[in-house]
Amino acid sequence: MNAHADESVSVDAERGMIVLRTPKSVYTLRIGDDGSPRHVYWGTPLDATELREWRSPAESSFEADAAPDELPIETGARFGPAGLRVRFADGVRGAQWRYVGHDIEDGVLRLKLEDRVYPLACDLLYRVRPDSDVIERWTEIAHTGSADAEPIVLERADSASWTLPKQPDYRLTHLAGGWGSETQLQRDRLPVAETVLVSRRGMTSHHANPWLALDAGTATETSGSVWSAALAWSGSWRIAVHRDPVGRVTFTGGYGHEAQSFRIGPSERVRTPVFAGLYTADGFGGASRVWHEYVRDHVLPHPEEDRPVLYNSWEAMGFDLTEAGQKTLAGLAARTGVELFVVDDGWFGARRDDRAGLGDWTPYPGAFPDGLKPLSDEVHRLGMRFGLWVEPEMVNADSDLFRAHPDWVVHAPTRRATELRNQLMLNLARADVAEWVHATLDGLVREHGVDFLKWDMNRPVTDAGWPGSPDPDRMWAVAVQNVYGVIDRLRAAHPGLRIEGCAGGGGRIDLGMLARVDQVWASDNTDPVDRIGIQAGFGQVYPAAAMAAWASDSPNPITFRETPLRFRFHVAMAGALGIGGNLSAWSEEELAEAAALVAEYKEVRPLVQRGVAYRLQTPDGLTGMHYAAPDDSEHAVLVWRPAMRFAHEPAPVRLPGLRAGSRYQDLFWGATYSGDVLREHGLEPGLPSGDYASRLIRLRRL
Ligand code: GLA
């Protein structure tokens with residue numbers, strides 16, 4: 001092995017160890033005697049001597065895989081879940097590696113492996129950045145045979161497998177939910193078993209989010225070792241966490257769910273999505289802050305921009321759109337300080353309800369007799385940007401598009417294609433379909449002066465099939481890659497275009513989407529009480545700037561709960577604020593209160609969207625968020641108490657994001673405080689009495 005080094009990746013040639021260093025963690029591996037990369041250590045920084053002393057447990061014939069693999073294969077004494085599953089034309093299963101070497105370029109380590117017998121190459125890649133503890137990993141797999149060689153079947157191609165140092169016990173934290181109840185935090189002891197987090201829906205899913213965290217059961221919000229990882233993929237995915245009976249935990253993850261396989265032919269190269277991993281010693285809050293910074297600095301296309309305050313009438317008007325009605329709403333929205341006016345579902349084709357019209361992306365003349373231009377001109381005249389809802393991957397059977405191209409939908413030829421929300425899914429894996437989607441959206445943006453697209457996706461994949469394709473399972477991955485390709489092309493051609501990702505609420509929230517949209521719709525549930533939980537889960541990994549959140553009507557259209565306007569706004573102000581209520585029905589007092597809250601939001605927006613976030617919680621049911629300016633000069637603290645408990649004064653809220661030694665002034669009350677007191681004792685939140693109490697507290701360092 002050659003000795004190479006750059007700032008973050010170094011090779012200890014003597015010990016055959018490769019060491020990746022991030023600001024606050026170390027990741028170490030070595031090449032095993034059989035040529036397979038083996039995991040050594042991932043955790044708090046150790047120096048070279050300590051790493052040399054770090055030992056894997058002794059091997060026995062029953063625990064022979066004691067030196068865990070960086071990507072487990074199916075040969076040799078390996079009995080856990082494999083990260084790479086291949087089958088060759090002669091029926092032989094599993095790779096067996098010869099280590100070819102490595103290179104290091106711009107912080108990316110590439111380990112090169114080749115099968116000892118078959119024309120299969122596999123590179124394991126690791127990217128380390130000097131400013132982040134997140135390590136990005138992915139895999140590149142290639143068929144290296146001659147043109148007439150048989151294809152190789154890929155049954156599983158994970159991006160990475162991760163191993164923790166042995167802990168006395170293990171706890172798994174992950175995000176699960178459903179439509180209207182996305183990203184609910186789950187935290188349970190990890191069983192001695194294989195635990196699978198998965199989406200088989202062809203989309204990221206409302207039901208499980210591709211992020212997890214593991215700890216010894218002792219980490220808190222503010223301290224303790226936490227290992228976490230997030231997959232940058234927007235289709236089906238699978239992460240298998242294996243806690244073996246002798247006390248070690250590894251997890252392997254990547255795109256696709258089980259039983260999908262596809263063939264790679266000579267010269268073909270497959271690149272998996274990134275599976276990013278993070279070790280932090282600063283508890284769950286510390287882990288979230290590193291993820292937020294990583295997403296802002298290295299994932300989102302325009303992290304430096306303020307997300308505009310938007311208005312959207314979907315919740316208030318449903319499909320009942322008219323040019324006059326939208327213009328009235330646009331006028332009221334502009335008065336409340338809205339900066340982006342979004343026309344949602346119902347503006348096109350025969351779309352009077354959800355039974356028809358999807359796929360026919362021309363304005364409905366009954367509602368917009370002169371097209372969308374008069375509305376978009378009016379929105380622009382009012383000083384707002386113009387946004388449009390689209391659901392480009394979908395079609396209603398009752399549409400001109402489906403009548404013209406019934407073969408464009410995902411279906412198995414002998415099966416009935418299941419309709420969900422009365423719609424079918426276009427097969428975006430087909431190049432002609434992806435091309436049509438791109439041309440249609442490009443035309444819409446050009447023709448109607450569109451500044452913002454809300455890209456929706458309202459059903460999962462079922463009855464998967466691709467008639468005419470020799471390798472139909474490819475549909476799952478290629479469709480997602482083509483969605484990415486269409487968005488990337490649109491953004492390149494329209495640099496001013498901004499996009500919101502959406503899938504029936506929060507069905508497609510992941511790092512793959514966030515690399516190409518500016519924000520995502522976290523949930524169709526805008527009830528502020530439910531949102532507190534949804535947002536807390538979202539914020540475990542994704543930053544506030546990427547979380548679209550609306551203040552809408554009361555009673556809430558989904559839960560029928562009645563809450564004060566101020567509480568609805570204060571909860572939505574923890575993300576990229578929008579308004580979803582029927583402004584035509586709001587009183588002058590409500591409009592004035594909304595305008596004041598929007599104005600206040602704009603003052604704290606840089607803190608919320610680009611500050612350092614701390615989750616707050618007191619045992620008496622008060623929760624909140626604290627956003628600190630990175631230089632400590634300004635702070636915004638949102639506190640929410642959905643239900644009054646007894647007649648007690650709420651306990652003071654500790655603010656660990658303030659600095660000891662600094663003094664701060666409350667910009668509303670004028671009172672001044674010492675940072676030490678607010679960190680250790682806490683701040684009296686000064687909430688009004690009763691249920692649904694909330695407050696925005698602003699502090700400035702003196
Ligand atoms: C999905 C979205 C909603 C709205 C509707 C329109 O449910 O999440 O915000 O756009 O579709 O049909």
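Indexing begins at 1, ligand by ligand and atom by atom, following the structure's order.
Between the Trp314 side chain and the Met317 main chain, no donor and acceptor come within less than 3.5 Å of each other. In this structure, Asp451 contributes its side chain and Gly387 its backbone to no donor-acceptor pair below 3.5 Å.
Note: Trp347 and His448 have perpendicular aromatic rings, judged against thresholds of 30 and 60 degrees for the angle between ring planes. Using a 30° and 60° split on the angle between ring planes, Tyr294 and Trp291 fall in the perpendicular class, above 60°.
Between the side chains of Arg568 and Asn556, no donor N or O sits under 3.5 Å from an acceptor N or O.
A salt bridge links Asp306 and Arg610; the closest N-O separation between the charged side-chain nitrogens and carboxylate oxygens is under 4.0 Å.
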Please give the N or O to N or O pairs under 3.5 Å between ligand 1 and the protein, distances rounded to 0.1 Å.
from     : atom 1 : to     : atom 2 : distance (Å)
ligand 1 : 7 (O)  : Asn458 : OD1    : 3.4
ligand 1 : 7 (O)  : Asp524 : OD2    : 2.8
ligand 1 : 8 (O)  : Gly505 : N      : 2.8
ligand 1 : 8 (O)  : Asp524 : OD1    : 2.5
ligand 1 : 8 (O)  : Asp524 : OD2    : 3.2
ligand 1 : 9 (O)  : Lys454 : NZ     : 2.7
ligand 1 : 9 (O)  : Trp521 : NE1    : 3.4
ligand 1 : 9 (O)  : Asp524 : OD1    : 3.3
ligand 1 : 10 (O) : Asp344 : OD1    : 2.7
ligand 1 : 10 (O) : Asp344 : OD2    : 3.3
ligand 1 : 10 (O) : Trp389 : NE1    : 3.0
ligand 1 : 10 (O) : Lys454 : NZ     : 3.1
ligand 1 : 10 (O) : Asp456 : OD2    : 3.3
ligand 1 : 11 (O) : Asp456 : OD2    : 2.9
ligand 1 : 11 (O) : Asn458 : ND2    : 3.1
ligand 1 : 12 (O) : Asp345 : OD2    : 2.6
ligand 1 : 12 (O) : Arg421 : NH1    : 2.9
ligand 1 : 12 (O) : Arg421 : NH2    : 2.9

